[in-house]
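Here is the structure we will look at.
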Amino acid sequence: MKKPLGAQISYMLKDRGVDVIFGIPGVHNQELYRGIEEAGITHVLARHEQGAGFMADGYARASGKFGVAYVITGPGLCNTMTALGQAYSDSVPVLAISSCLDETVSKHGQLHQMLDQEMAADTVCDWSYTARSAQTAYQLVDRAVTEFETSRPRPKHIQVPIKQLESFAGPAPAPNHAPKTRFDVVPDELENIARLLKSAQKPLFVFGGGVRADQSMIVRLLEQSGAASFTTYAGRGVVPSSHPQVFGAWLARATSADVFAQADLVIAVGTELSEVDLWRDTLGHSCPMVRVDIDPEMLADGMRAEHRILCDAEQFLTALSKVTEPWHERFEWGTDTIKRAQERWRFETNAERPNIVPVCDALSEVLLADAMVFSDMTQFAYVAKEVMPMEKAHHWHHPYGFGTLGYALPAAIGGAMARRDKPTIAIAGDYGFQYTVQELGAAVELGLSLPIIIWDNGKLKEIEESMQRAQIAPNSVVALNPDFCKLADAYGAHACAPNSLSSMQDAVKNAFKADKPTVIYLTPEIADHA
């Protein structure tokens, strides 16, 4: 049955497994909204297109599927580009579909007109294309779905001219399910790596956010090979933080280079080893390195690994574990060595940013076992990502690479929509929270049991300290804050300002059971009150 193309696109997405779309309707993209309810898709109304993009990002990270955002021509797409840039940096599958003007060469001064909208989105997406026919629109959607499954997941943008959205079209073709297999490990390569691992006395793995594999299998691989491991921030939980052969997410500590200097083999899997992972140019190793990644660009970076394997992380680790037998009678790294390093690094981070570690410890005690955390660019999160234990992979999400403010709240909304029956929590600073505070209205509308921790140190403290280190007189680092509890109340949310760590714990536990979101307002002084 023929329908306007805008409606057919929603039906097509439903057939490809989409059950939630985030966005804001406008006169230019309203045809996309014709088919949403008809197709049985839930639409979440964001208060700002940036929020819609972050929601789609959070939904994708939490669900393992791709997130979708519908936005309008011009400013709508521009507002979403920050979120798309974050998704690109963190390898998140987000599909942004926007309207665009039918003609821009011979007409000027049109509503929402841009010089080159397609190219603008292309700067923050894997690709950005215009669909000038129904067939092209369908092909681009299926191309995006296939690439999300078979290559490094990154955001895509499809724009459709307004008249094309309004024109009648036949239904999209039936889904052609994408192959799940990405890259197979070559047997000769696998045997070579197995030999290297068997001969090594102090092998060291680095697991990144690209590792999606059975945790028990990875633990068995560590134990059988006598290897220790680090994780990047995004890779936390790939192996349980509590395991004695796990150093943790302390790569950014300068003295972690001393650990790598002792290794006789480093195997880095599913990680960029980027600036925001290390804050230095090298790991500090002088031994052979193995890099495993599905992105060939990562295999040709400045780390110059001696052994480079283009392969999916899960396939590689699974294959390696099958040829790995117990090789070492004892753990050469020594569990005491790992414990001492962890204690030293914990002391360092507590000294650098006082009053946060005790709050993190208290929060860890009451986080539910399956809780998923979405954090913002705030000192609280910088400390928490190092000291808070993670027993499950992909349960802490942060704007790692692009590093935008305002991520936590809308991304947590998207994550909560993907996990309606499971606990989700947001952590933001006083300044970053105000970037997307308006999305609190969406969380209230949706009735989400969402604790929202606001860490208010009264300033842009990280920037202030950076200025001081650079011998710059701190400038414009203090801003007037609202009464966050009253602001939450104005939106219809719950709010509280605990004055002790125990009352904070009670507030978090109650927020997980509440009928709507709860703003939990904290200041550094709370660390003084157990």
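In this text the structure is predicted, and so the values were computed from the model without any measurement. These numbers come from the heavy atoms of this one structure, side chains and all, not from hydrogens, waters or symmetry mates.
Across all non-hydrogen atoms, the minimal contact from P451 to I425 is O-CG1, 3.4 Å. Considering every non-hydrogen atom in both D264 and A200, the closest pair reads OD1-CB, 3.4 Å. Contact record, L317 with A213: CD1-CB, 4.5 Å, taken as the closest heavy-atom pair. The two atoms that bring A252 and W279 nearest to each other are CB-CD1, 3.7 Å, heavy atoms only. Across all non-hydrogen atoms, the minimal contact from F54 to T82 is CZ-CG2, 4.2 Å.
In this structure, the separation between CG on L368 and CZ on F512 is 5.0 Å, given to the nearest 0.5 Å. Taken from CZ in F374 to CG in L450, the straight-line distance is 9.5 Å, to the nearest 0.5 Å.
Between T378 and D376, the side chains place no donor N or O within less than 3.5 Å of an acceptor N or O (distance only, hydrogens not considered). For the 3.5 Å distance criterion, the side chains of N499 and E525 fail to qualify, holding no donor opposite an acceptor. Between the side chains of S256 and W345, no donor-acceptor pair is found at a separation under 3.5 Å. Between the side chains of T318 and S321, no donor N or O sits under 3.5 Å from an acceptor N or O.
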**OP:** Check the pair W333 / Q262 against side chain to side chain donor-acceptor pair (under 3.5 Å), numbers first and verdict last.
**Re:** CA-CA 9 Å; W333 283 102; Q262 301 174 47; over 6 Å; no
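Aromatic ring centres of Y407 and F402 lie farther apart than the 6.0 Å criterion allows.
Residues passing the side-chain contact (heavy atoms from CB on, under 4.5 Å) test with A384, sequence neighbours excluded: C360, F380, M388, W396. Q245 pairs by the side-chain contact (heavy atoms from CB on, under 4.5 Å) definition with L222, E223, H243, F331, not counting sequence neighbours.
The number of heavy-atom neighbours closer than 6.0 Å to CZ of F247, taken from other residues, nucleotides and ligands shown, is above 12.
For the salt bridge (charged side-chain N to carboxylate O under 4.0 Å, His left out) with E386, the qualifying choice from R346, R236, R253 is R253, the only one to do so. With W455 as the partner, the side chain to side chain contact (heavy atoms under 4.5 Å, CB included) test is satisfied by one option alone out of D430, I427, V359: V359.
In this structure the side chain of V477 never reaches within 4.5 angstrom of the side chain of K461, judged on heavy atoms.
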